[in-house]
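What follows is one structure encoded as structure tokens, with my remarks underneath.
Chain letters run A, B, ... following the sequence lines, proteins first, then strands; residues in each count from 1. Source: prediction; values computed, not measured.
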Protein chains: 2
Amino acid sequence: MTSIKDVARIAGVSVATVSRVLNDKGYVGQRTREKVEKAIKETSYKPNEVARSLFKKQSNTIGLIVPDIMNPFFTELARAVEDMAIKLGYNVILCNSDGNGDKEQAYLDVLKQKYVNGIIVSSNTLTAQQVEELNIPVVSIDREISKGLPTIVVENKKGAMMATRYLQSKGCRNIGHIRGSYGVVNAEERYEGYKEVVANEPWFRESYVVNGNFDMQSSIEATAELLRLHPEIDGIFAANDIMAIGAIKVAHQLGKKVPEELAVIGFDGIKLSTVMTPELTTIVQPIYKLGEISAEMLISLMEQQPIENTYCKLDVELIERNST
Amino acid sequence: MTSIKDVARIAGVSVATVSRVLNDKGYVGQRTREKVEKAIKETSYKPNEVARSLFKKQSNTIGLIVPDIMNPFFTELARAVEDMAIKLGYNVILCNSDGNGDKEQAYLDVLKQKYVNGIIVSSNTLTAQQVEELNIPVVSIDREISKGLPTIVVENKKGAMMATRYLQSKGCRNIGHIRGSYGVVNAEERYEGYKEVVANEPWFRESYVVNGNFDMQSSIEATAELLRLHPEIDGIFAANDIMAIGAIKVAHQLGKKVPEELAVIGFDGIKLSTVMTPELTTIVQPIYKLGEISAEMLISLMEQQPIENTYCKLDVELIERNST
DNA sequence: ATTAATTGTGTAACCGGTTACCTATTAGGG
DNA sequence: CCCTAATAGGTAACCGGTTACACAATTAAT
């Protein structure tokens, strides 16, 4: 590997001058600049990023901590973050935390040791203190860690209300809800939205709500139980698409026709929802946009650019397909 | 941030000694070691990875270059790679190349500048020369770049033959093939497998093979065309699951019942294939295993551990579900 | 008791950049 | 024509670790 010294020797100048040319900083004469550029080209010299990082205390890298990249929501998010990062000159270190607080902290530690410029994180367990101790820009995505910390979320409650009202408008008289894990803000907000719409309905009772833990297997079990207890249910709002798909599978098994006998609506708008049959009606979040914006915001923070606001709540949209 | 100097000052020793304790290298007296460990604990000192990397010319990081993390195959692969990497003390930089040769080269360059210890790559365009110029361990996954370079692949041809024979055994008399993109080794091998089984069948003609480009939209178009030209087709082997799903969608649209009137088998065994209805019969690759093994092999290479062989061809398995 | 081998620790060079500081030259203003 | 400001470029310190080397203190061997 050729180093800056080699280039300096070949160009007949000092390393400082080469560095100045490289970074286009300070005074460099026209003729000198040309000599240096020639030497750089000849040796196809690429500056050593690690040496740079050591001095700058920044590595042109951002960390992305998500529970699990296998969750299609985070897959799309990761792609968006990486796209934007590359576009702005950064690389992305991928971290799967499985929602485990210890792993999250371990990742935070090593990312800090690696001088990442900033971190995008989706976590339910991290505290404001943990984040502040880092002294690195952090943006929280999909979940709010604390007021004041940069955050990108979506209109969960509003979306849930839209979904529930939509089922009503389709003629559903008894609407159940498969909720996400307890303690997860998203799940609570979506539940609240549902509740707000149905609370005063004569048919409503708490047992219309079951917990699907945001995953398919739990949803299948929860739905089966729900439909066994309440065969009168003719509409289900699931707090995410995966659970909605699980619910539809159960309906198939029970011989209930979707959407004729049971309408199902999801939340997220993952690609999968258009792939299955029937295609899933869902509240779509602008997932890619979410990733883009979070990367943009993070990088603005990192580069100390002026920022309008550090809290961003994106709108959601109801996309009607064939499951309702 | 506390540095090694702070620790040395507090413990009343030189930085060299602290470094020795840290790395458990060289001679350190018992009492001295204790003093140093105490100081480390007190200051909750974490060594600066970047400084280390500069000296070692290694950053405890590996690069993972895939066409697109949104492709479920690569999602699962990425998860496996990251899991194994973390387990062995490395982080993963995620790179989406979109199969674009220029992007791939750009990633290789920056990864090298960042002193990654090694790279896992899935590419159709990279040449042996490009890889060798890096002078970094590289393992190629899912696709063979050149003989001699460490490679992990699966039994594509064998799997394709299994799939095709299986359709025959299910009573299909006219079996079409939706192939993957031209020039991609995988696609060619799977096509060969199919061809080998059907070449001598009286019904076989080249127009039973259409190109689905490995993606759903193309597959939908290709399948529609295939079934229009050849309504007699009663079995389809798609070169990946996504295309198989597309084919099933088309069958639904045309009112063909799957599997009664048209049997469909895929290839890959992505999670999605169990989520849809009907669940997809497919040739499953051990995707997670693939990722694990490649990470393991790469890291062995990086750490100069003795390696049995640098070429690994994993077996595939036919999983029978409801689409055949 | 003397010498050699082993153990313990500090000093300073090094990894490959960036930049503060210094000196020299040239240009512009009065 | 002299003085100040702007331009050009070199020297060396620094980022935070690792390790070769030197030297001192023990310990073991003869």
Side-chain angles (χ1 to χ4, degrees), chain A residues 1-40 43-61 109-117 135-136, chain B residues 1-37 39-40 43-61 89 109-117 135-136:
Chain A
M1 282 287 277
T2 67
S3 82
I4 198 171
K5 275 183 203 156
D6 303 319
V7 176
R9 190 169 25 75
I10 292 174
V13 299
S14 75
V15 294
T17 303
V18 178
S19 178
R20 286 187 195 109
V21 171
L22 240 39
N23 300 296
D24 211 14
K25 232 180 195 174
Y27 297 113
V28 181
Q30 187 52 39
R31 295 190 45 79
T32 314
R33 161 167 279 122
E34 279 159 16
K35 277 191 299 180
V36 171
E37 276 163 356
K38 183 152 159 287
I40 288 177
T43 55
S44 67
Y45 163 72
K46 301 255 172 24
N48 180 320
E49 278 300 323
V50 177
R52 273 188 164 162
S53 302
L54 179 57
F55 189 89
K56 298 280 196 63
K57 298 182 192 296
Q58 313 245 319
S59 63
N60 289 327
T61 306
D109 288 343
V110 47
L111 290 176
K112 174 148 198 194
Q113 290 173 54
K114 293 204 167 175
Y115 277 161
V116 298
N117 301 45
N135 284 314
I136 296 177
Chain B
M1 282 286 276
T2 67
S3 82
I4 197 171
K5 276 183 201 154
D6 304 319
V7 176
R9 189 168 27 74
I10 293 173
V13 300
S14 74
V15 294
T17 302
V18 177
S19 179
R20 286 188 196 105
V21 171
L22 240 39
N23 299 295
D24 211 15
K25 231 179 195 174
Y27 298 112
V28 181
Q30 187 52 41
R31 294 187 47 79
T32 315
R33 161 166 278 120
E34 279 158 15
K35 277 192 300 180
V36 172
E37 276 164 355
I40 289 177
T43 56
S44 66
Y45 163 73
K46 300 256 174 22
N48 181 321
E49 278 300 322
V50 176
R52 275 189 162 161
S53 301
L54 180 56
F55 189 88
K56 297 282 198 62
K57 300 183 190 296
Q58 313 244 315
S59 63
N60 289 327
T61 306
D109 288 343
V110 47
L111 289 176
K112 175 148 199 194
Q113 289 173 57
K114 292 204 168 175
Y115 276 161
V116 298
N117 302 43
N135 283 314
I136 297 176

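A straight line from NZ of A:K25 to P of C:dG17 spans 16 Å, rounded to a whole angstrom. In this entry the distance linking CZ of B:R9 with P of C:dG10 reads 15 Å, nearest Å. Per the geometry, CD1 belonging to A:I40 stands 10 Å off P belonging to C:dG17, to the nearest Å. Rounding to whole angstrom units, CE of residue B:M1 and C1' of D:dG17 are separated by 12 Å. The NZ-C1' distance, from B:K5 to D:dG17, rounds to 10 Å in whole Å. When rounded to the nearest whole Å, the span between CD of A:Q58 and C1' of C:dG17 equals 15 Å. Atom CG in B:L22 sits about 6 Å away from atom P in D:dT18, given to the nearest Å. Atom CD of B:Q113 is separated from atom P of C:dC15 by 19 Å (rounded to the nearest Å).
Remark: A:Y115 engages B:N48 in a side-chain hydrogen bond (donor to acceptor under 3.5 Å, both in side chains) (not counting sequence neighbours). Partners of A:R20 under the salt bridge (charged side-chain N to carboxylate O under 4.0 Å, His left out) rule, at least two apart in sequence or in another chain, do not exist in this structure. With sequence neighbours excluded, no residue forms a salt bridge (charged side-chain N to carboxylate O under 4.0 Å, His left out) with A:K57. Judged as a side chain to side chain contact (heavy atoms under 4.5 Å, CB included), and not counting sequence neighbours, the contacts of A:I10 are A:A39, A:E42, A:T43. For B:K35, there are no side-chain hydrogen bond (donor to acceptor under 3.5 Å, both in side chains) partners, not counting sequence neighbours. Not a single side-chain hydrogen bond (donor to acceptor under 3.5 Å, both in side chains) links B:S3 to another residue, sequence neighbours left out. With sequence neighbours left out, B:E37 forms a side-chain hydrogen bond (donor to acceptor under 3.5 Å, both in side chains) with no residue at all. Every residue two or more places apart in sequence or in another chain that forms a side chain to side chain contact (heavy atoms under 4.5 Å, CB included) with B:K46 is listed here: A:D109, A:Q113.
Checking C:dC15, D:dC15, C:dG16 against every side-chain atom of B:F55, the shortest atom distance belongs to C:dC15. Distances from the side chain of B:N48 to the nucleotides D:dG17, D:dT18, C:dA12 place D:dG17 closest. Among D:dT18, C:dG17, D:dA12, the nucleotide with an atom closest to any side-chain atom of B:V15 is D:dT18. Closest contact between the side chain of B:L54 and the listed nucleotides C:dG16, C:dT19, C:dT18 involves C:dG16. If you check C:dT18, D:dG16, C:dG16 against the side chain of B:A51, the one that comes closest is D:dG16.
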Below 3.5 Å is the cut-off: list the nitrogen or oxygen pairs between protein and nucleotides 23-28 of chain C, distance only.
none

Quick one: which protein N/O atoms are closer than 3.5 Å to N/O atoms of nucleotides 6-9 of chain D? Pair and distance per line, please.
unit_1, atom_1, unit_2, atom_2, d
D:dT7, OP2, A:Y27, OH, 2.7
D:dG9, OP1, A:T32, OG1, 2.1
D:dG9, OP2, A:G29, N, 2.5
D:dG9, OP2, A:T32, OG1, 3.0

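Regarding contacts with the backbone of D:dG17, every side-chain N or O of A:Y115 stays at 4.0 angstrom or more from both OP1 and OP2. Listed pair A:K57 / D:dG16 meets the phosphate criterion, a side-chain N or O lying under 4.0 Å from OP1 or OP2.
Judged purely by atom type and a 3.5 angstrom limit, A:S53 uses its side chain to pair as donor or acceptor with the backbone of A:Q58. With hydrogens and angles ignored, the 3.5 Å screen pairs a side-chain donor or acceptor of A:N117 with a backbone N or O of A:N60.
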For a side-chain hydrogen bond (donor to acceptor under 3.5 Å, both in side chains) check, start with the C-alpha distance between B:S19 and B:K25, then their side-chain angles and the critical distance, and finish with the verdict.
CA-CA 8 Å; B:S19 179; B:K25 231 179 195 174; over 6 Å; no
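Within 4.0 Å of A:S19, counting heavy atoms only, lies at least one base atom of the nucleic acid.
Helix bend of the helix from C:dA1-D:dT30 to C:dG30-D:dC1: the angle between its two end axes, each built from five pairs, comes to 40° after rounding to 10°.
Listed by first and then second residue, the salt bridge (Lys or Arg N to Asp or Glu O under 4.0 Å) pairs involving residues 1-12 of chain A are A:D6-A:R9 (not counting sequence neighbours).
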